[in-house]
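First the structure, in the form of structure tokens, and then the observations on it.
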Amino acid sequence: MELKAKWMGIPWNWTEEMDSTNEWAKRDAKNGAPSGAVYIADSQTQGKGRIGRRWETPKGSSLALSLLLRPDFEAEHAPMLTLIMGMAACMAIEKITGLTAEIKWPNDVVINKKKTTGILTEMGMSEGKISYVVVGIGILNMESFPEELAYKATSLKIECGHEINRDEIAAALLFYFEQYYEKFEQTHNLGFLIEEYNNHLVNRGKEVLIKEKDGEYTGISRGINDKGELLVEKKDGNCVEIFSGEVSVRGLYGYV
Ligand code: BT5
């Protein structure tokens with residue numbers, strides 16, 4: 001492996017099968033595992049997406065990796081780690097495969113407008129402070145998808161047309177994540193990443209559909225601010241700042 005992080009990935013825990021690498025990391029966190037510990041499984045029996053959705057990781061199919069962090073900042077900053085992981089994933093994919101990767105804010109990486117990566121960040125609190133954050137990422141590397149996913153999902157293997165080494169992707173991912181994280185620790189905002197992030201943002205400058213709990217509207221995506229919120233310009237010219245919590249952002253046609 002060419003790219004080496006300094007402390008992300010120590011210890012490096014690998015297993016053939018696990019319920020969910022996020023759950024594994026959370027259990028280990030409660031047993032005192034250190035910041036930087038990484039958990040990788042070849043397959044997951046209970047892989048999790050957001051809001052109770054499932055994330056399928058059959059044997060040999062993709063990279064399922066969770067990173068344990070013990071940050072010394074306020075809980076409100078933790079969602080920004082999802083964006084940092086998204087950016088690191090774009091960089092790692094581009095470096096190892098030569099493909100162009102884009103970010104579908106806040107937690108997907110897409111190639112040719114199809115999802116190739118999903119990110120799930122979870123947090124544990126103790127006495128009002130962050131005890132741990134687990135940033136889990138699934139990077140798809142399978143040969144094909146069932147019909148119900150094929151229209152919106154793709155994999156590194158499909159896009160490259162040949163086998164991709166998951167260890168190399170993991171090593172590059174941690175290398176980039178570590179660099180971004182060390183900068184983020186100093187400022188607790190994404191000012192240092194805005195330009196790079198927005199250059200990788202899918203649908204930037206285009207019309208997007210914002211779905212909220214009580215309705216939906218369209219606007220032009222203008223990129224993120226230093227809090228990681230997505231700026232969307234509405235028809236009346238007002239700009240709204242969208243927090244990643246409970247919205248879905250789509251292009252007007254299809255998944256992206
Ligand atoms: C995500 O959720 O995209 C976050 C996925 C995070 C997975 C990682 S793997 C390592 C770690 N351990 C875990 O247990 N989880 C993390 P969401 O945005 O909710 O997307 C979930 C949706 O993606 C599902 O409803 C399906 O439509 C789709 N999906 C699930 N499995 C897929 C697969 N194998 N390939 C393509 N799409 C899939």
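Just so you know, ligand 1 is whichever comes first in the structure, and atom 1 is the first atom listed for that ligand.
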In terms of side-chain geometry, is the basic nitrogen of K48 or E122 positioned less than 4.0 Å from the acidic oxygen of its partner? yes
Considering only heavy atoms, does R53 approach ligand 1 within less than 4.0 Å through its side chain, its backbone, both, or neither? side chain
Show the atoms of ligand 1 that are less than 4.0 angstrom away from any heavy atom in L65. 10 (C)
Quick check: K48 and ligand 1, any N/O pair under 3.5 Å apart? yes
With heavy atoms and a 4.0 Å threshold, my read on which part of T21 contacts ligand 1 is both
Using a strict cut-off of less than 4.0 Å between a Lys/Arg side-chain nitrogen and an Asp/Glu carboxylate oxygen, indicate whether D108 and K152 qualify as a salt bridge. no
Can K157 and E159 be said to form a salt bridge (charged side-chain N to carboxylate O under 4.0 Å, His left out), step by step? CA-CA 6 Å; K157 195 169 175 178; E159 296 298 324; over 6 Å; no
Can you name the atoms of ligand 1, numbered from 1 with element, that are less than 4.0 Å from a heavy atom of N107? 1 (C), 3 (O), 18 (O)
What are the atoms of ligand 1, with element, lying closer than 4.0 Å to any heavy atom of A153? 36 (C)
Trace of the side-chain contact (heavy atoms from CB on, under 4.5 Å) decision for F145 with S155: CA-CA 9 Å; F145 290 94; S155 76; 4.1 Å; yes
Pick, from W55, Y39, W24, F145, the option with the minimum heavy-atom distance to atom 35 (N) of ligand 1. F145
Touching ligand 1 at all, K115? Heavy atoms, strictly under 4.0 Å? yes
With a cut-off of 4.0 Å, which atoms of ligand 1 are near a heavy atom of G47? 14 (O)
4.0 Å heavy-atom contact, K152 with ligand 1: yes
In ligand 1, which numbered atoms sit nearer than 4.0 Å to a non-hydrogen atom of S66? 11 (C)
Applying side-chain contact (heavy atoms from CB on, under 4.5 Å), run through N199 and R204 and close with a yes or a no. CA-CA 8 Å; N199 284 339; R204 185 176 174 211; 3.8 Å; yes
Would you call K235 and E207 a salt bridge, using N to O less than 4.0 angstrom? yes
Do E182 and K6 meet the salt-bridge criterion of a basic N to acidic O distance under 4.0 Å? yes
Nearest heavy atom to atom 18 (O) of ligand 1: which of E148, Q44, R50 does it belong to? R50
Parallel, tilted or perpendicular: ring planes of Y181 versus F73, cut at 30 and 60 degrees: tilted
Charged N to carboxylate O below 4.0 Å: is that the case for K183 and E185? no
Can you tell which part of L140 has a heavy atom less than 4.0 Å from ligand 1: side chain, backbone, both or neither? side chain
Could you tell me if N203 and S221 have a donor-acceptor pair between their side chains, going purely by distance under 3.5 Å? no
At a non-hydrogen distance cut-off of under 4.0 Å, which region of T57 contacts ligand 1 (side chain, backbone, both, or neither)? neither
Report the nearest protein non-hydrogen atom to atom 26 (C) of ligand 1: residue, atom name, distance rounded to 0.1 Å. L149 CD2, 4.0 Å
Taking the six-membered ring for Trp, are H77 and H188 parallel (under 30°), tilted (30 to 60°) or perpendicular (over 60°)? tilted
Nearest candidate to atom 22 (C) of ligand 1, where distance is taken over non-hydrogen atoms, out of R54, E56, M142: R54
For ligand 1, which part of S62 has a heavy atom less than 4.0 Å away: the side chain, the backbone, both, or neither? neither
